[in-house]
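Here is the structure we will look at.
When reading the values below, keep in mind they use all heavy atoms of this one structure, side chains included, and skip hydrogens, waters and symmetry mates. Below, chains carry the letters A, B, ... as their sequence lines are ordered, and counting in each starts from 1.
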Amino acid sequence: MPELPEVETVVRGLRPVLPGRRIASVRLGKTDFIDDPAALERELPGCRIADVQRRGKYIVLPLERDARGDNSPLLIVHLGMTGRLAVQAAVAPAAAHTHAYFTLDDGRELRFTDPRRFGRIALFSAAQFAAAFARLGAEPLEVSEVDFRRLLAGRRARIKALLLDQRFLRGIGNIYADESLWRAQLHPMRLGASLSFADAHRLLEAIRHILRAAIRLGGSSISDFVDANGLPGEFQMRHRAYDREGKGCFRCGARIRRIIVTGRSSYFCPRCQPTPRLRRAAQRKKKSARRK
DNA sequence: CGTTGAACCTGTTTGC
DNA sequence: TGCAAACAGGTTCAAC
């Protein structure tokens, strides 16, 4: 569920609420997705939440410790596939699979809910944070076209694999990869280095357009995504490729197809997003197979 | 460098 | 109707 636009939507919902609040206490349920549960219970009470930020698909809460405040830690939350983070009244009944409760100094609670527990919560020192996040690629809404072309140069991986690789760009997942490739009219199996100047230009434009539109509509709600206020997004109404197997292409009418690329379902229009030329060895193999 | 497949875990949808 | 298989927004790791 949560890719860059959904995480951004959650962050924008929390930003008017959390900064300035202090964490009074911590309660944990299942903890197998938390790096060091004991550290949360030990370190968090008394900390003031200074800000709410997003880095790729990560939510980052910089904290300030009591008086002197140096060596301040950062609380990191990743929503995985089914994670939710929301502030609720302490008396409100908790949704099923709510595994972390952070009581705030106004009596309300910041709650983390995640049925599949693919999410992650960690408490990082400034140094740990810098080291961990140095591996992530650029923000797709901030990278320049020149840098984007440099990233593609020499990459023999499929463009779909690159878009999903958080060290290439951070924040794009399966939905927005497919939607961007559809808009740019590029087949998901194209190799990164094979993209022409014009291809790369169209792809970056598509990524920017799609992500901005999705943020504007509060993200995509496929089955269970809701923002920090419990409201679903609306960008799923605008999907042109994702989860549309067998339906007509919005551009040319051809039936959208689903194939597996990099182990993930990939939806594309076989007419608008033409199959790349195969490499010679693979091509020979196919030809001989066809002759039989 | 790249790719593939499996693993993590639960819930929902699909197919026989 | 019932049960099993397939599938799901993500990340990581081993094996090739």
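- Comparing A:Arg120 and A:Tyr267 by the nucleotide of DNA chain C whose heavy atom lies nearest to each, the residue mapping closer to the 5' end is A:Tyr267.
- Taking side-chain N and O atoms only, A:Arg258 has a distance below 4.0 Å to OP1 or OP2 of C:dC7.
- With a cut-off of 3.5 Å on both Watson-Crick or G-U wobble distances, the partner of C:dT11 is given as B:dA7.
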B/S/- contact track for nucleotides 11-16 of chain B, protein heavy atom under 4.0 Å: S-----

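- The side chain of A:Arg156 contributes no N or O atom lying less than 4.0 Å from OP1 or OP2 of B:dT3.
- An OP1 or OP2 oxygen of B:dG2 is reached within less than 4.0 angstrom by a side-chain nitrogen or oxygen of A:Arg155.
- One finds the CD atom of A:Glu145 at 10.0 Å from the CD atom of A:Glu205 (value rounded to the nearest 0.5 Å).
- Residue A:Gln166 places at least one side-chain N or O under 4.0 Å from the OP1 or OP2 atom of C:dT11.
- In this entry the distance linking CZ of A:Phe118 with P of C:dC13 reads 15 Å, nearest Å.
- Atom-to-atom, CZ of A:Phe168 to P of B:dC1 comes out at 13 Å; the value is rounded to the nearest Å.
- At the heavy-atom level, A:Gly173 lies under 4.0 Å from the strands shown only through sugar-phosphate atoms.
- Checking the phosphate oxygens (OP1, OP2) of C:dT11, a side-chain nitrogen or oxygen of A:His78 falls inside 4.0 Å.
- Look at A:Lys30 and you'll find a side-chain N or O under 4.0 angstrom from OP1 or OP2 of B:dT10.
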